[in-house]
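Below you'll find the structure, written out as structure tokens, and then a few comments.
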4 protein chains.
Amino acid sequence: MTDTTSAPATAPGFDEVFGKYKVRSLALAEAGRHQIRLAEHEMPGLMALREEFGAAQPLRGARIAGSLHMTVQTAVLIETLVALGAQVRWASCNIFSTQDEAAAAVVVGPHGTPADPQGVPVFAWKGESLEEYWDCTEQILLWPGEEGPNLILDDGGDATMLVHLGLQYERAGIVPPDTLPGEPDHTHEMNVVRGVLRRALESDPLRWTGIAQQLGGVTEETTTGVHRLYHLAESGELLFPAINVNDSVTKSKFDNKYGIRHSLPDGINRATDILIGGKVAFVAGYGDVGKGAAEAFRGQGARVIVSEVDPICALQAAMDGFQVARLEDVVGEADFFITTTGNKDVVRVEHMLAMKDKAVVGNIGHFDNEIDMAGLEAVPGIVKTEIKPQVHEWTLPAGDGRAERSIIVLSEGRLLNLGNATGHPSFVMSNSFANQVIGQLELFADMARPAEERQYERQVYRLPKVLDEKVARLHLDALGVRLTELSPAQADYIGVPVQGPYKPEHYRY
Amino acid sequence: MTDTTSAPATAPGFDEVFGKYKVRSLALAEAGRHQIRLAEHEMPGLMALREEFGAAQPLRGARIAGSLHMTVQTAVLIETLVALGAQVRWASCNIFSTQDEAAAAVVVGPHGTPADPQGVPVFAWKGESLEEYWDCTEQILLWPGEEGPNLILDDGGDATMLVHLGLQYERAGIVPPDTLPGEPDHTHEMNVVRGVLRRALESDPLRWTGIAQQLGGVTEETTTGVHRLYHLAESGELLFPAINVNDSVTKSKFDNKYGIRHSLPDGINRATDILIGGKVAFVAGYGDVGKGAAEAFRGQGARVIVSEVDPICALQAAMDGFQVARLEDVVGEADFFITTTGNKDVVRVEHMLAMKDKAVVGNIGHFDNEIDMAGLEAVPGIVKTEIKPQVHEWTLPAGDGRAERSIIVLSEGRLLNLGNATGHPSFVMSNSFANQVIGQLELFADMARPAEERQYERQVYRLPKVLDEKVARLHLDALGVRLTELSPAQADYIGVPVQGPYKPEHYRY
Amino acid sequence: MTDTTSAPATAPGFDEVFGKYKVRSLALAEAGRHQIRLAEHEMPGLMALREEFGAAQPLRGARIAGSLHMTVQTAVLIETLVALGAQVRWASCNIFSTQDEAAAAVVVGPHGTPADPQGVPVFAWKGESLEEYWDCTEQILLWPGEEGPNLILDDGGDATMLVHLGLQYERAGIVPPDTLPGEPDHTHEMNVVRGVLRRALESDPLRWTGIAQQLGGVTEETTTGVHRLYHLAESGELLFPAINVNDSVTKSKFDNKYGIRHSLPDGINRATDILIGGKVAFVAGYGDVGKGAAEAFRGQGARVIVSEVDPICALQAAMDGFQVARLEDVVGEADFFITTTGNKDVVRVEHMLAMKDKAVVGNIGHFDNEIDMAGLEAVPGIVKTEIKPQVHEWTLPAGDGRAERSIIVLSEGRLLNLGNATGHPSFVMSNSFANQVIGQLELFADMARPAEERQYERQVYRLPKVLDEKVARLHLDALGVRLTELSPAQADYIGVPVQGPYKPEHYRY
Amino acid sequence: MTDTTSAPATAPGFDEVFGKYKVRSLALAEAGRHQIRLAEHEMPGLMALREEFGAAQPLRGARIAGSLHMTVQTAVLIETLVALGAQVRWASCNIFSTQDEAAAAVVVGPHGTPADPQGVPVFAWKGESLEEYWDCTEQILLWPGEEGPNLILDDGGDATMLVHLGLQYERAGIVPPDTLPGEPDHTHEMNVVRGVLRRALESDPLRWTGIAQQLGGVTEETTTGVHRLYHLAESGELLFPAINVNDSVTKSKFDNKYGIRHSLPDGINRATDILIGGKVAFVAGYGDVGKGAAEAFRGQGARVIVSEVDPICALQAAMDGFQVARLEDVVGEADFFITTTGNKDVVRVEHMLAMKDKAVVGNIGHFDNEIDMAGLEAVPGIVKTEIKPQVHEWTLPAGDGRAERSIIVLSEGRLLNLGNATGHPSFVMSNSFANQVIGQLELFADMARPAEERQYERQVYRLPKVLDEKVARLHLDALGVRLTELSPAQADYIGVPVQGPYKPEHYRY
């Protein structure tokens with residue numbers, strides 16, 4: 001079932017002359033600029049990097065292909081990269097997550113007008129088809145003139161994957177034929193990708209070779225994308241150095257925990273207006289996302305039940321005062337079911353059939369298969385009713401001694417904080433994106449070094465702790481935090497530099 | 001300044017034939033019905049009253065004039081009154097708070113169609129003018145045929161006030177002339193009310209006498225309305241018994257505290273998308289509303305500073321772990337300023353001029369004068385920019401050694417949970433509204449008694465504790481609460497009936 | 001079973017010459033003085049009253065018979081009464097609660113020496129027998145010279161009861177004979193009381209008449225004592241005005257809630273050293289004491305299950321995020337069982353037999369019959385082992401398919417915060433005791449008025465709200481609280497005086 | 001200043017016949033056995049290891065020299081090692097921390113009697129002198145017969161250090177002379193150590209060579225000890241493999257955080273009886289210990305101010321809702337000052353001079369120099385008064401415009417949870433000690449392998465994650481946790497084995 005509910009009636013094409021996303025209206029760009037201006041105030045990390053590096057222009061010469069949700073916060077990221085000297089082309093990494101006004105404003109740029117756009121080419125709009133999505137992703141890798149991108153900024157790894165797959169097929173001289181439904185590993189999306197690469201191969205049999213040669217590295221935002229990168233590195237196929245931004249403390253411990261604490265109740269409230277206090281909330285998983293989710297529910301007066309497979313995380317949940325149980329043992333007791341695991345089939349059809357009437361089911365982990373939506377659709381006699389966009393009531397037929405009843409599924413099983421609210425707030429993203437910018441700076445500086453002096457090989461790296469600490473440092477003033485300074489004697493006593501880094505690599509925070 | 005930003009282009013008139021609000025579309029009524037159906041699930045108190053009293057029809061013969069925010073939850077209240085036998089006419093008590101789809105669905109009724117509406121006359125739409133507002137209020141007191149209403153269900157006391165003022169002018173034989181700006185006590189709204197009453201006096205010089213004779217009582221929802229009622233009772237002017245629903249524990253301790261805990265962050269999030277965690281939140285007042293607000297902020301990871309005038313509440317705030325300070329001493333430190341006092345001039349212009357750039361200011365107490373909006377408008381050189389409806393950036397000119405900066409004001413200083421979100425969730429309102437229904441049942445049953453056996457005089461009453469406990473009892477199952485029962489020996493030991501009430505009148509919960 | 005474990009080997013007698021408790025050592029008095037000095041710092045309410053009234057000596061002429069746990073905090077209370085001009089005689093209201101060093105220091109007085117005691121006669125020591133206890137209570141009512149006490153300061157009502165019962169028997173001319181075990185209403189303690197009164201009647205047939213005539217009132221600390229007073233007032237038997245200190249907000253909401261939050265985990269920790277975090281804690285009752293207990297457990301990372309009979313309190317517990325269940329349904333799940341109800345037979349033998357091995361059972365409510373200790377002792381084959389004083393392991397024999405197992409009972413079922421720790425901390429008691437002092441001031445000032453101007457009759461009164469607020473006010477500075485002041489316009493707007501009181505009588509805080 | 005306040009009048013010597021600590025009384029051993037039995041119930045991890053490995057006796061042949069606080073919990077550890085087949089000799093790692101009854105019970109053993117002790121030689125008692133302490137440490141390394149220990153179980157590294165230093169001097173053929181006060185690096189303790197080693201060298205010039213040859217490894221409990229080990233490993237001096245138990249998640253995240261959350265308020269309460277609620281608590285450091293401390297204070301209703309040098313931890317503190325400030329900026333505001341940093345000179349004299357009257361100062365980090373006790377003593381005119389053991393009032397003279405005032409220092413600046421309470425509760429220690437036992441099993445199993453197959457070299461190792469997870473797993477049942485199991489498909493999907501380990505090495509929990 002393809003959900004086209006929220007797709008715009010007419011998707012915009014590309015600008016033939018200027019190579020940019022068509023700005024549809026002055027009002028849209030102005031509204032976006034307004035929101036960007038407010039977001040800048042909440043993104044002190046990015047603004048501080050502009051302040052620190054704006055004059056030196058350390059990204060002059062960098063050509064960055066960015067694939068990341070085209071939101072207001074991303075607009076501040078893009079314009080920070082530009083302020084540091086980079087050239088940028090951008091696509092979203094999700095067909096639904098683009099905020100069109102942000103995209104419009106970025107195209108126009110802070111100093112341009114809709115008639116004279118001076119911003120950045122953005123290939124993204126809310127409600128792309130899969131075909132459009134991969135066309136857009138291709139566009140950020142095709143630069144006017146002879147040069148291609150020399151850096152990728154990725155979220156989920158689609159841009160990186162396109163380059164690797166393109167080169168693989170190019171070397172083979174052929175793109176495999178499309179698969180049919182029923183064939184092993186068939187997905188519609190893979191056929192779409194192959195279509196893009198087939199056309200590419202036809203038009204330029206050395207395109208990906210050229211692109212790959214110029215690319216000096218990628219910074220990757222997500223667990224999923226990082227997982228792919230480690231896989232490529234292990235098999236020796238990784239084409240360029242990669243910086244794992246996801247595992248910076250200021251990303252994983254902030255975005256995942258504090259971002260979710262904010263955006264989970266926000267999503268539920270906007271979707272359902274149902275009281276959270278006094279209710280029972282089931283949270284699948286007690287990693288960073290689950291920790292943030294459980295804290296958010298508790299902060300609203302809900303009673304939280306957690307499930308876990310990892311005994312350490314389970315013990316943490318218990319010590320934090322939460323009941324830890326299996327879903328099947330408490331499925332009839334909870335009012336909210338939220339998945340945070342990054343795994344598949346966590347909430348299954350048999351669970352959903354056993355829930356209370358009007359139970360709310362949502363996913364804030366990563367994959368839309370955490371909840372078995374396909375299985376739910378396949379229940380005989382089930383009826384799906386749209387309450388409002390991204391909020392559906394699934395009415396389960398009477399049977400097995402139970403009356404007719406219904407459950408509410410948020411965002412079709414996709415990330416509810418993005419689908420039902422506006423994702424993480426700017427301040428949290430300022431942490432994550434400051435890591436991205438610093439990662440790009442690291443890679444680009446390394447590219448400028450003689451080959452024998454380069455620090456980064458075709459491996460996956462985490463940012464050094466001192467840079468992680470720097471990202472944190474950039475966000476303290478905005479929260480009124482006054483840091484204590486070590487005296488040299490104290491620093492010596494514990495064996496660290498006065499200015500950090502302060503902790504061993506394995507420190508867990 | 002009148003805010004007409006969100007007013008619909010064309011306000012509907014009244015239906016000449018049927019006396020009802022014009023249903024504008026089938027889709028609207030259907031959407032409303034859908035939401036009502038979901039809300040019913042979250043309002044177990046009202047549904048239990050339908051279950052308990054539906055067959056006996058104890059409100060048969062009751063003609064209820066209702067003035068209360070025309071929301072989805074109120075729709076469930078209205079249809080509960082109808083299910084118990086009452087006839088009902090309804091207006092909203094606020095020009096902005098009507099949810100048009102709820103109004104449409106109530107007019108159509110659960111068993112009617114837009115072509116054949118069988119519901120209740122509703123005189124309310126989102127974005128009324130003050131003139132329209134008071135016309136609507138008049139309409140609920142004018143019933144077809146000879147009979148008028150015999151009960152009022154009020155929120156804020158406007159319907160009650162109209163009757164009292166109407167009768168006063170009727171007895172005087174004249175309505176005072178309109179006041180002019182600059183004259184003492186001049187308000188535009190009072191002139192509008194006088195206009196309504198002047199026309200009424202012209203059309204029927206005994207109208208209010210007749211209406212007052214039939215009225216057997218009022219149930220009142222709010223602190224403000226109750227305050228007016230006690231005033232009338234003390235001066236001997238109260239025309240009929242009044243039940244103070246506001247001070248039922250299941251209203252004041254639930255609506256005010258737990259409702260706010262939910263709807264305050266909801267309102268802030270929908271309005272601003274700004275991260276709450278890590279920020280400093282200033283909450284003016286630590287009554288029930290302030291307690292809910294402070295808990296909500298803490299639950300999201302904010303640091304909360306409370307101000308109080310009452311030393312007992314101040315001590316509670318300190319014992320609950322909050323800093324207690326004066327606004328002027330911490331005004332440069334906070335990111336959010338929320339008023340919960342029910343008093344005026346709590347956040348004043350001198351405070352707003354001293355706030356940090358992009359500080360967020362909102363009111364969730366009661367009166368829109370908690371924040372001195374008039375003073376803010378009068379600041380020379382100030383610029384107001386609408387970010388989106390109900391969210392405005394006020395740019396303060398540079399001066400006094402400070403750069404240009406701006407603050408964000410929510411809902412123009414009116415209740416932000418109603419203006420920026422959807423008010424309290426259904427479950428909370430189920431508590432409050434169950435008190436309303438029980439209050440109406442009490443008054444109507446008393447009216448049926450011989451005069452000498454009546455329990456209620458022209459005074460203000462709180463519901464007996466046993467009914468307060470009943471309201472609570474109706475909401476326990478939905479939260480999975482299993483109550484312990486006293487044994488007769490235990491009940492005897494502490495000197496209470498087995499079935500309650502369990503506490504002395506002065507018990508504070 | 002009488003617990004004499006902690007009784008001193010030789011109890012002191014009364015000083016024949018000086019009429020005072022025998023100070024046993026300089027070291028004891030010095031240790032007590034030290035602790036008193038530290039406690040004074042934590043009792044700003046009492047110290048502020050000394051500051052305010054020390055010069056005026058408003059209690060000059062007051063002769064106060066005090067019956068209240070003879071602790072360090074009570075020492076500060078006693079010396080405050082003396083500082084305000086009163087003469088005082090003191091007994092404890094509990095056979096175990098006296099801190100001997102505090103008693104010794106009070107006898108010596110701040111300016112005396114053990115050789116030349118200049119303090120107050122104190123008839124109390126740790127580990128009195130029941131006979132000694134009632135002798136001590138009699139002593140505080142027998143003053144040297146012709147005058148008796150003119151005020152009682154009571155905790156639990158024993159001193160008040162002795163006067164009422166004495167007068168009743170005196171009027172009847174006879175004390176009823178002792179009852180025998182098995183006779184209705186037989187208790188050993190009642191026979192002890194009758195013995196005291198029988199001897200009194202023999203020595204002076206008008207003693208109680210004289211005492212009752214001089215008494216101008218009582219201030220009472222506890223729910224239990226207040227309950228007795230209301231009973232006497234209703235039956236017209238109350239001999240003098242009574243002030244119900246227990247129901248001041250600054251007593252009930254502070255002592256009961258915040259005091260328990262502190263002293264419950266303290267008692268459990270000192271008794272057992274068992275980790276609270278991660279465990280399941282069952283709290284019987286969600287009144288003020290239960291609220292404090294539940295918050296304390298949650299604050300330590302336990303999961304809390306609450307039981308309630310009152311649906312309003314039950315709903316509060318649910319809305320605060322706690323599971324609400326019946327004891328029998330969760331008895332096998334919890335690690336701690338704490339009673340806070342003030343009722344009897346809350347934890348019964350059948351419950352204790354069903355608990356997990358090494359479950360901890362304690363009472364922090366009021367009566368030692370909240371846990372059925374008598375029933376536990378009567379279990380065939382049960383073995384009681386003292387782990388340390390006030391901590392006993394009860395080994396339950398194997399049977400009913402269960403292996404041998406044991407439970408840990410704290411303080412023999414009596415108040416565990418007093419038995420296993422040191423009761424409430426000074427700051428909390430400063431609130432309660434400031435109410436006591438203010439109550440004494442009220443009553444004594446009223447006694448000085450001409451009869452026709454007196455405000456207090458033979459009824460039970462709560463302190464006026466303005467004095468309740470005053471008590472709170474006296475404790476704010478110590479917590480760094482800065483109060484906001486109403487402007488006259490604001491005070492007028494909400495209809496209260498600028499200086500308070502601020503709330504209607506029925507306000508619940 | 002040497003604190004001998006709590007030292008026993010006569011310290012016991014060693015048993016000449018049996019080589020054991022002299023059991024002073026049957027009562028002591030019985031009391032200890034009782035407490036051990038209760039502790040076993042709270043140490044499910046150790047008991048499960050006895051269950052799993054008791055029959056196989058995997059430590060048969062292991063001769064373990066243990067140096068770790070000789071408490072009741074350690075008794076359960078020792079008897080677990082014995083149950084797995086090991087021979088054991090034990091000393092404490094702290095002169096004050098021995099619980100004599102636990103030591104006595106361990107010597108007697110679960111199956112022995114005081115007349116016929118069958119337990120383990122324990123060289124420890126409460127209140128050792130430094131000379132006695134190092135004699136005891138030497139004793140655990142000297143085994144009867146020819147064989148020495150083949151494993152060390154260490155806490156702080158003193159036993160490990162004695163071997164390394166002994167061998168170093170032995171190789172040099174001489175122990176350096178004692179230093180004098182004033183000479184560089186002079187400490188009294190180092191001279192004591194040299195004395196021990198000098199006598200050793202005289203009695204047996206090859207003693208440490210022999211011991212070092214037999215030793216197969218050490219497991220180390222603490223940050224400090226681990227720090228020393230990494231130092232030795234880096235310089236190539238480490239004589240045997242070392243397992244860093246401290247950095248197991250189930251140690252560092254549980255002991256440090258949840259243990260402190262429990263034992264910090266416990267220590268403060270037992271020491272001072274001062275109300276925590278409503279007060280301001282300053283916590284220096286927001287590592288795991290600081291996180292536990294801050295949570296404990298908040299759970300009791302205190303307002304917490306945190307200081308940090310690490311910007312990441314500072315940002316975490318802010319996001320968790322705490323104020324982050326420098327000590328000097330808030331020193332006059334706080335009521336409690338608690339150090340958790342592991343650094344020195346954190347609370348300095350200038351801070352203590354600026355504190356409020358009766359401020360409470362304590363350390364729960366690690367080193368007693370976190371608070372500058374030496375500086376405090378050196379303040380001219382300062383007076384130290386013992387309130388009770390481990391609680392001292394330091395009266396600061398008037399001056400600099402301030403009146404005479406005093407501060408309360410807990411445990412002389414040493415760890416207050418050990419000094420003023422009983423340290424961490426058993427359940428927490430069960431986690432830490434299960435890591436110790438598993439570490440010993442790992443090392444001993446490796447020693448049995450042929451040299452070429454050994455996994456552990458002369459380096460410092462953390463336990464593999466799967467063993468860390470195992471420790472957690474052993475503690476779940478006791479908390480009622482029911483773990484969810486991955487299906488094979490799910491495990492495959494995220495690329496982990498069904499039975500774990502589940503997380504990458506750098507995962508932070």
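Side-chain atoms are counted along with the backbone in the values below, which use heavy atoms only and exclude waters and symmetry mates. Naming: A, B, ... by sequence-line order, numbering from 1 per chain.
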May I ask you to name which of T341(C), V306(C), N369(C) has the most heavy-atom pairs under 4.5 Å with chain B? N369(C)
In residues 323-332 of chain B, what donor-acceptor pairs under 3.5 Å come from side-chain atoms, sequence neighbours left out?
residue : atom : partner : partner atom : Å
R326(B) : NE   : L483(C) : O            : 2.6
R326(B) : NH2  : L483(C) : O            : 2.9
E328(B) : OE1  : H351(B) : NE2          : 3.4
D329(B) : OD2  : R482(C) : NH1          : 3.0

Does E220(B) reach the main-chain N or O of T222(B) with its side chain, forming a donor-acceptor pair under 3.5 Å? yes
Decide if atom NE2 of H506(B) counts as having more than 12 heavy atoms of other residues, nucleotides or ligands within a radius under 6.0 Å. yes
Side chain from CB out, backbone as N, CA, C, O: work out which of these in V346(B) comes under 4.5 Å of a heavy atom of chain C, or both, or neither. both
Strictly less than 4.5 Å between heavy atoms, which residues of residues 282-294 of chain B line up against chain C? Please order them by number. G287(B), D288(B), K291(B)
Do D468(C) and L463(C) have side chains that get closer than 4.5 Å, going by heavy atoms? no
Any chance the side chains of H366(C) and T224(C) put a donor and an acceptor closer than 3.5 Å? yes
So which residue, P311(C), A318(C), G500(C), ends up with the most heavy-atom pairs under 4.5 Å with chain B? P311(C)
State, with a plain yes or no, whether a side-chain heavy atom of L474(C) is found less than 4.5 Å away from one of L49(C). yes
Side chain, backbone, both or neither: which part of Y230(B) has an atom under 4.5 Å from a heavy atom of chain C? side chain
If you count heavy-atom pairs under 4.5 Å between each of E485(C), H475(C), K470(C), R261(C) and chain B, which one has the most? R261(C)
Of the backbone (N, CA, C, O) and the side chain (C-beta and beyond), which part of Y509(B) lies under 4.5 Å from a heavy atom of chain C, both, or neither? both
Using a 4.5 Å cut-off on heavy atoms from C-beta on, say whether the side chain of L486(C) contacts that of I494(C). yes
Tabulate, in ascending numerical order, the residues of residues 243-254 of chain C having at least one heavy atom closer than 4.5 Å to a heavy atom of chain B, or enter 'none'. D247(C), S248(C), V249(C), T250(C), S252(C), K253(C), F254(C)
Please check if the side chain of R348(C) supplies one atom and the backbone of D345(C) the other of a donor-acceptor pair under 3.5 Å. yes
A side-chain contact here means heavy atoms from C-beta on lying under 4.5 Å apart; do C313(C) and Q316(C) qualify? yes
Check whether any side-chain heavy atom of D266(C) sits under 4.5 Å from a side-chain heavy atom of H424(C), and report yes or no. no
Engaged part of A317(C) at the chain B interface, taking heavy atoms whose separation is under 4.5 Å: neither
Y502(B): partners by ring pair (Phe, Tyr, Trp, His ring centres under 6.0 Å), with sequence neighbours left out: none
Top contributor to chain B contacts, counting heavy-atom pairs under 4.5 Å, from R473(C), K503(C), Q490(C): Q490(C)
Rounded to the nearest 0.5 angstrom, the CZ-OG distance for F337(B) and S307(B) is 10.5 Å
Can you tell me which of V481(C), N431(C), V496(C) forms the most heavy-atom pairs within a distance under 4.5 Å of chain B? V481(C)
Do F322(B) and R298(B) touch side chain to side chain, with heavy atoms closer than 4.5 Å? yes
For S430(C) against G45(C), the heavy-atom pair lying closest together: OG-N, 3.0 Å
